Amino acid sequence: MILAEKILLSLHAIAGAIWIGSVFMGAFIDAPAAEESVEKGKFPFRFIIGQGKRVFYSVYFGIFQLWATGIGLLIVHPPQNGMETKMIIGKFFFLSVMTVFTLYGTFITWPKMQLATDKEAYALHKFYNYRAYGTFISGILGLLLTLWFYLYKL
């Protein structure tokens with residue numbers, strides 16, 4: 001493995017950890033804790049929206065860095081056989097799912113949520129969390145493909 005590939009792979013792994021970790025924290029820890037901290041039937045608008053504003057930078061840094069380093073890795077190490085090509089297609093699929101779910105949440109769900117009633121916000125947030133779970137699972141599957149890809153090369 002050449003030095004450029006090692007550096008890109010390291011940056012790729014860091015970006016994945018940042019993005020997957022941010023989604024995990026928001027969906028599995030912050031949201032349930034926030035809901036427990038308000039009156040029954042009230043939506044924790046200030047917390048959820050505040051958390052979203054703060055996680056925005058790490059998530060979008062992760063998106064940009066994953067795509068950039070993924071393309072860089074393809075340049076320094078193009079697929080050598082059919083198995084590597086299939087793994088890269090799988091990684092592209094999972095990264096695309098993560099990106100689409102995240103963009104949808106940012107540009108569709110968040111604007112609606114900020115103007116919603118408590119009941120509407122709960123419904124919006126429920127599906128937002130489903131997409132967050134999908135993003136998390138896709139990230140883990142992409143990570144597993146990355147590990148398999150590099151172990152397969154050994």
Side-chain angles (χ1 to χ4, degrees), residues 7-79 84-150:
I7 291 169
L8 286 169
L9 184 60
S10 297
L11 293 173
H12 197 70
I14 291 167
I18 289 169
W19 191 0
I20 295 167
S22 296
V23 171
F24 178 84
M25 187 74 176
F28 293 98
I29 297 172
D30 288 349
E35 287 182 23
E36 289 179 11
S37 69
V38 295
E39 278 181 51
K40 187 168 177 66
K42 296 286 183 187
F43 186 79
F45 285 104
R46 291 180 68 201
F47 181 87
I48 296 296
I49 292 170
Q51 182 256 1
K53 288 178 188 175
R54 284 167 183 79
V55 79
F56 175 87
Y57 299 105
S58 61
V59 166
Y60 279 91
F61 173 78
I63 290 172
F64 174 77
Q65 190 173 342
L66 272 173
W67 281 104
T69 56
I71 291 167
L73 285 166
L74 280 174
I75 292 167
V76 299
H77 181 89
E84 287 185 1
T85 301
K86 289 176 187 173
M87 288 182 191
I88 288 172
I89 290 169
K91 286 177 53 72
F92 175 79
F93 172 77
F94 292 128
L95 185 53
S96 295
V97 167
M98 293 172 69
T99 302
V100 168
F101 282 176
T102 301
L103 290 171
Y104 187 89
T106 299
F107 295 111
I108 306 296
T109 305
W110 279 105
K112 287 181 181 179
M113 194 178 297
Q114 293 180 43
L115 302 171
T117 65
D118 286 308
K119 187 176 180 179
E120 293 167 337
Y122 272 112
L124 288 166
H125 197 258
K126 176 182 175 182
F127 290 105
Y128 175 85
N129 268 344
Y130 289 157
R131 285 188 305 278
Y133 302 150
T135 300
F136 176 75
I137 290 166
S138 293
I140 295 298
L141 292 173
L143 170 67
L144 291 174
L145 275 179
T146 301
L147 292 173
W148 187 21
F149 180 80
Y150 281 96

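Position 1 is the first residue of the sequence, and the numbers go up from there. Treat the numbers as computed from the prediction; the structure is a model and nothing was measured.
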Quick check on the 6.0 Å ring-centre criterion: do [X] and [Y] meet it?
| X | Y | result |
| --- | --- | --- |
| Y57 | F61 | no |
| F101 | Y104 | no |
| F56 | Y60 | yes |
| Y122 | H125 | no |
| W67 | F92 | yes |

Are side-chain heavy atoms of [X] and [Y] found at a separation under 4.5 Å?
| X | Y | value |
| --- | --- | --- |
| I75 | I71 | yes |
| F43 | K119 | no |
| I29 | F24 | yes |
| F47 | V38 | no |
| W19 | T135 | yes |

How far apart are the closest heavy atoms of [X] and [Y], and which atoms are they?
| X | Y | answer |
| --- | --- | --- |
| L9 | T146 | CD1-CG2, 4.1 Å |
| V55 | S22 | CG2-CB, 3.4 Å |
| L74 | P79 | CD2-CD, 4.1 Å |
| A27 | Y133 | CB-CE2, 3.8 Å |
| A31 | I48 | CA-CD1, 4.0 Å |
| T117 | F45 | O-CZ, 3.7 Å |

* Step by step, work out the side-chain contact (heavy atoms from CB on, under 4.5 Å) result for K91 and L95. => CA-CA 6 Å; K91 286 177 53 72; L95 185 53; over 6 Å; no

* Asked: When you measure from the side chain of Q114 to the backbone N and O of P111, does any donor-acceptor pair fall under 3.5 Å?
  ->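 Checked: no pair found.
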
* Under 3.5 Å, is there a donor-acceptor pair between the side chain of Q65 and the main chain of L11? -> yes

* Asked: For W110 and I49, what are the C-alpha separation, side-chain angles and deciding distance, and is it a side-chain contact (heavy atoms from CB on, under 4.5 Å)?
  -> CA-CA 8 Å; W110 279 105; I49 292 170; 3.6 Å; yes

If you measure from [atom1] on [X] to [atom2] on [Y], what distance do you get to the nearest 0.5 Å?
| X | Y | atom1 | atom2 | result |
| --- | --- | --- | --- | --- |
| L145 | M87 | CG | CE | 7.0 Å |
| F136 | L141 | CZ | CG | 10.0 Å |
| I20 | S138 | CD1 | OG | 9.5 Å |
| I140 | I137 | CD1 | CD1 | 9.0 Å |
| N129 | L124 | CG | CG | 11.5 Å |
| T99 | I63 | OG1 | CD1 | 5.0 Å |

* **R131 and T102 side chains, donor-acceptor separation under 3.5 Å** =>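 Note: T102 and R131 side chains miss the donor-acceptor criterion.
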
* **Derivation and outcome, side-chain contact (heavy atoms from CB on, under 4.5 Å), residues H77 and E84** => CA-CA 10 Å; H77 181 89; E84 287 185 1; 3.4 Å; yes

* To do: Let me see the working for I88 and F149 under side-chain contact (heavy atoms from CB on, under 4.5 Å), right down to the final yes or no.
  => CA-CA 8 Å; I88 288 172; F149 180 80; 4.3 Å; yes

